[in-house]
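Inspection log for the structure reproduced underneath, given as structure tokens.
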Amino acid sequence: MSQNEFFPGKYVETEKIQNGYLVKTDSQCVIMISFLTDQIVRIRYSTDGIFDNDFSYAISSKFVPQYPEVIFNELAGHIEFRTAALIVSINKADCKVFFTDLNGKIICRDEKGFHWEENQRHGGNIVKMGKMVQEGEHFYGMGDKTMHLNLRGRRVSNWAMDTYGFKKEEDPIYKAIPFYSAIHTEMAYGIFFDNTFKAHFDFGSERRSVTSFWAEGGEMNYYFINGPELMDVIKRYTQLTGTPELPPMWALGYQQSKWSYYPEAKVKEIASKMRSNRIPCDAIYLDIDYMDGFRCFTWDKEKFPDPKKMISELKENGFKTIVIIDPGIKIDMDYHVFKEALENNYFCRRADGPFMKGKVWPGECYFPDFTNAKVRKWWSGLFQELIEETGVRGVWNDMNEPALFEIEGKTFPDDVRHDYDGNPASHRKAHNIYGMQMARATYKGVRKYNNGLRPLVITRSAYAGAQRYASGWTGDNIASWEHLWIATMQCQRLSTSGFSFVGSDIGGFIDHPTPELYIRWMQLAVFHPFFRTHSSGDHGEQEPWSFGPDALNIVRKYIEFRYQLLPYIYTTFYQYVTEFAPMLRPISVFDQHDNDTLYRVDEFLLGDHLLVCPVLEPNAKSRYVYLPKGKWYHFWTHKVLEGGKEILAEAVLEEIPLYIRQGAVLPLFPVMQHTGEKSIDQLMLHVYFGDENVNSYLYEDEGMDTNMKKESTIAKDLRPIRQMGHSHFT
Ligand code: GLC
């Protein structure tokens, strides 16, 4: 115990307050406990008895606490709070907290519990929490971390970072999502530490028996989320921090990007090659070179003399146009965006007055303070021309960690000031949410000017809750087999951290993939919600036809398959939006009661039924697959296999091992070139007959509109019908 560490001390009394309790100690420390539902309890600690203004960017405004009935008991050694599902107890001697089920079985308990150090340099406290690692405990979650899904024995930090060419285990990286789930003895729970300062999580790395988390400022403010099912923990966390609205169907189609396609003729050439090669595709991306000198909201008129016309021609051919928008605004008095922001005092300032100046693509820039509601409103308004008049259909927010060149730490210095929506703060507190607030302002703008159509926004940086505003990609990865593995981890991990609409740059952003690697990456990405090839373009072409005719044929088959799967993927998305279910499910989430699933990370389910086992190594002809318990159809041969064991699956280059649950009904579209094609009023149901009763669902609407009421809202129950037998995919 360090001399500078302080502890709450002994219990004195409990006071009932509106929607919760204050637990007082013999130090000035006060613990505030509120039960939001039977299963979610929030615990806040004040070290001096004063709770600051309660404000969170993470919690969804759609989350309505139920404040259930809680029974309070004072016993000899501890006090306890009981809901219909959970008991939270606090020891009288030292105020350590423990969580048990109604039978008294320990789910999670404090080791050192809450303690703190004064932060002499910045003021405030370094707030810390120590909990026991339970026997056989496993840990998951934490956003986009690049290591093994199971975090036991590791330490990670949350500080959003531009990590070009990141490595396996590299940390911190782009996103900061302070949520983990844990499971032991078949019981799962989650912890969401809603603190935006730089934060650290240690899962039995420093001391094998202790899990700890701490932040370099702010409040010890965490949510304990009960299970006992992992799936429910993730759903409850996702409900707390929100889901996006359903994206337009086209946003789930294939998207082609590169840094950068220009001039206009090149963009059109790519689009027409998609069609002539019969590669289904719905969107094409313009990276930073479409702008005039990297000034956001402008066009380089030499490269793109008439963007509106180009975009409308692309539209006629079934392509949506997406453009990149970065936060850095070039210092230039002749540039209207810069001038407006300057005149209205919208840029971030250093603590002692001057504007925050930093270098990014355009050279020296100032940066809007997206934590200010007025600034967000102004920013949203900037999209009018781009969206409403020019016809752009989606916006890609990059560099929003925020990333800076040629500066120590690659981001703003700590002293930069932010409005933090009326809770003025330094960058130490605002850093991790800067990108999310940019995405929020972008989303509002794109949505507002999109003629009532659903928008697509993509973000690189994120904090908990960012999924409400944007989809995400995993940043500047590398064309290597290791990165294919990393992408598999990151997308599953994000999905179990509330952020389902994610994907990686297919084939890798840096370097050039071999045809084999590109094919294997495509085979994986077909099952990732966000489905886009993007590359730096420095190392050769990265379009589906760039790897020779054999590769093209395989890649085409998989992109076609993605389009066939769209009704299933769209339904899975709907389940995410409305039921908070992660779209990608590690097999531990699928069946936590089978110990063999808890370490398996290179296979996952997309939605309720599809088990995806990507090939992550070169020259593979087969791979080992752990088939979870139950019966599965081999997707390509239709052979029925008994699960609960490891099998050697054939995996020639043309084939990704794929399985579907017996009893499932899979809704499929016909092959199409883009989602706007007329022919998609057809739907096929493939029935995978079985003895077990498995529910299958289909959600349908017309795929575009923001107005849910106008939709032919059908959430249909599909049930396997014996007479239909099963049909198959050819
Ligand atoms: C960043 C992005 C990358 C983009 C590039 C140029 O590196 O992560 O996707 O292509 O900037 O805008």
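Just so it is clear, the model here is predicted, and its values are computed rather than measured. Remember, it's 1-based here, ligands and their atoms both numbered in the order they're listed.
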Between R278 and E560 (salt bridge meaning N to carboxylate O under 4.0 Å), is one present in this structure?
no
Under the ring-ring contact (aromatic ring centres under 6.0 Å, His included) rule, what pairs show up with a residue in residues 300-339, not counting sequence neighbours?
W299-F304, F338-F347, F338-Y366
Contact table, ligand 1 N/O with protein N/O, distance under 3.5 Å:
unit_1, atom_1, unit_2, atom_2, d
ligand 1, 7 (O), D476, OD1, 3.4
ligand 1, 7 (O), D476, OD2, 2.6
ligand 1, 8 (O), R460, NH1, 2.8
ligand 1, 8 (O), D476, OD1, 2.5
ligand 1, 8 (O), D476, OD2, 3.3
ligand 1, 9 (O), H534, NE2, 3.0
ligand 1, 10 (O), D287, OD2, 2.5
ligand 1, 10 (O), H534, NE2, 2.8
ligand 1, 11 (O), D398, OD2, 2.9
ligand 1, 12 (O), D287, OD1, 2.6

Answer yes or no on whether K429 is positioned over the face of F197, meaning its NZ or CZ is under 6.0 Å from the six-membered ring centre and within 45° of the axis.
no
Any cation-pi pair here, R460 with W396, using under 6.0 Å and within 45°?
no
Contact check, side chains of M333 and L342, non-hydrogen atoms, under 4.5 Å:
yes
R376/D419 ion pair, N-O < 4.0 Å:
no
